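Keep in mind that what you see is a predicted model, and the values were worked out from it rather than measured. By convention here, the first residue in the shown sequence is residue 1. When reading the values below, keep in mind they use all heavy atoms of this one structure, side chains included, and skip hydrogens, waters and symmetry mates.
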Amino acid sequence: MIRRWVRRLAVLQGLFALAMLTYLAAAAAGGLLSNGAPVPPPGEDTYRIGLFQGSLHTDLLIPVTPDVRARFAFVQDAGVPVLDPQAEWLVVGWGANSFFATVESVSDITASMIWRSATGDSSVLRLDVAGRIDDFSRITLLALTPDQFNALTDAILDSFAQVADGRYIPLPYPGFTPTDGFFAARDRFDMFRTCNVWVSGMLARADVRFGRWTPTNYAVRLAFWRFAPQN
């Protein structure tokens, strides 16, 4: 009996390992496949946006232009000081509700939280601001035309969930910095639609040439390596 269960456990472990390898291989392929966006003419790349990657998660860094400051002014009420004249970048990330609601450090991540996120969870947008950045060694920069930049901000705003009268929905989560804030978001998070897939989806909405499906940080890096020189 014990040997039978050991064999079954070994088979399950093997199937899980095979599934993970297949997932990671598909993620790499998705990062290298084009999303089909056109290549913009040279000389029109007026704006630079950033991709900031942690160990698992990618945030978008959007320059705080006067238009961005006005369109995102509502996040000020959630404690994100986008109206501060010293705010030069708006940091935007999308992710699983269970993660943003309870995690303050890596040690807070639990197996049940990972399972819930992988199998389906509601989503949250996290916003923060940054001042002047002199060192971009950990930030990937992408060049956008004015039309692409406007489409990107439209797509980000469209990611916010809204109540019937159009108001956005702030969430009282503890946060990671003194200046970040959280809002309910559209769509659900799962292992096939991760925070990194949201990033590539935003870029696709803005007609920025990038990877078709980027569920992992590595897929995002592959997409940048493959397509960023054309932007």
N/O donor-acceptor pair under 3.5 Å between Ser123 side chain and Asp187 backbone: yes
Test item: Arg212 side-chain N/O and Ser34 main-chain N/O as donor-acceptor pair under 3.5 Å: yes
Smallest heavy-atom separation, Phe176 atom then Arg126 atom, equals CD1-NE, 3.3 Å
Leu60 side, atom CG; Leu203 side, atom CG - distance, nearest 0.5 Å: 6.0 Å
State the OH-CG distance between Tyr173 and Asp180, to the nearest 0.5 angstrom. 13.0 Å
Is it true that the side chains of Ser159 and Trp198 contain a donor and an acceptor less than 3.5 Å apart? yes
Nearest 0.5 angstrom please: Phe72 CZ to Leu83 CG, how far? 12.5 Å
Between the main-chain N or O of Ser98 and the side-chain N or O of Asp121, is there a donor-acceptor pair closer than 3.5 Å? yes
Nearest atoms (heavy-atom pairs only) where Phe52 meets Leu61: CB-CD1, 3.5 Å
Leu152/Arg205 under side-chain contact (heavy atoms from CB on, under 4.5 Å): CA gap, chis, key distance, verdict: CA-CA 7 Å; Leu152 178 63; Arg205 289 273 302 273; over 6 Å; no
Start with the C-alpha gap between Thr65 and Phe149, add the side-chain angles, then the distance that decides, and say whether side-chain contact (heavy atoms from CB on, under 4.5 Å) holds. CA-CA 11 Å; Thr65 64; Phe149 184 75; 4.2 Å; yes
Same cluster for Val91 and Ile156 if Ile/Leu/Val/Met/Phe/Trp/Tyr side chains link at under 4.5 Å? no
Are Val92 and Leu125 close enough, and set up right, to give a side-chain contact (heavy atoms from CB on, under 4.5 Å), and what steps lead you there? CA-CA 7 Å; Val92 188; Leu125 281 158; 4.0 Å; yes
In Å, rounded to the nearest 0.5 Å, how long is the span from CG of Asp59 to CG of Asp128? 9.0 Å
Minimal heavy-atom distance between Val129 and Pro81, with the atoms involved, is CG2-CG, 3.6 Å
Using a 3.5 Å distance criterion without hydrogens, assess whether the side chain of Gln53 forms a donor-acceptor pair with backbone atoms of Thr58. no
I'd like to know whether Phe227 forms a side-chain contact (heavy atoms from CB on, under 4.5 Å) with Val208, so could you lay out the CA-CA distance, the side-chain angles of the two residues, the decisive distance to 0.1 Å, and finally the verdict. CA-CA 9 Å; Phe227 299 109; Val208 177; over 6 Å; no
Would you compute the distance between atom OG1 of Thr179 and atom CG of Asp84 and round it to the nearest 0.5 angstrom? 10.0 Å
Of all the heavy-atom pairs spanning Gln148 and Asp207, show the shortest one and how long it is. NE2-O, 2.8 Å
Return the orientation label for the Phe183 and Tyr168 ring planes: parallel under 30°, perpendicular over 60°, tilted otherwise. perpendicular
Got a salt bridge between Arg188 and Asp190, using NZ or NE/NH1/NH2 to carboxylate O under 4.0 Å? no
Looking only at heavy atoms, the pair that brings Ala28 and Tyr218 closest together is CB-CE2, 4.4 Å
Distance-only, no hydrogens or angles: does the Arg186 side chain make a donor-acceptor pair with backbone N or O of Asp158 under 3.5 Å? yes
Looking only at heavy atoms, which two atoms of Pro215 and Asn196 are closest? And how far apart? O-ND2, 3.4 Å
How long is the straight-line distance from OG1 of Thr216 back to CG of Leu222, given to the nearest 0.5 Å? 7.5 Å
In one Ile/Leu/Val/Met/Phe/Trp/Tyr side-chain cluster, 4.5 Å: Phe210, Ile62: yes
With clusters defined by side-chain heavy atoms of hydrophobic residues (ILVMFWY) lying less than 4.5 Å apart, directly or transitively, does Ile49 cluster with Trp89? no
Following the transitive rule for hydrophobic clusters with a side-chain heavy-atom cut-off under 4.5 Å over Ile, Leu, Val, Met, Phe, Trp and Tyr, establish whether Val199 and Leu157 coincide in one cluster. yes
Transitively linked via ILVMFWY side-chain contacts under 4.5 Å: Leu141 with Leu51? no
Quick one about Ser137 and Asp135 (side-chain donor to acceptor, distance below 3.5 Å, no hydrogens or angles considered), yes or no? yes
Residues, nucleotides or ligands: over 12 heavy atoms within 6.0 Å of Phe160 CZ: yes
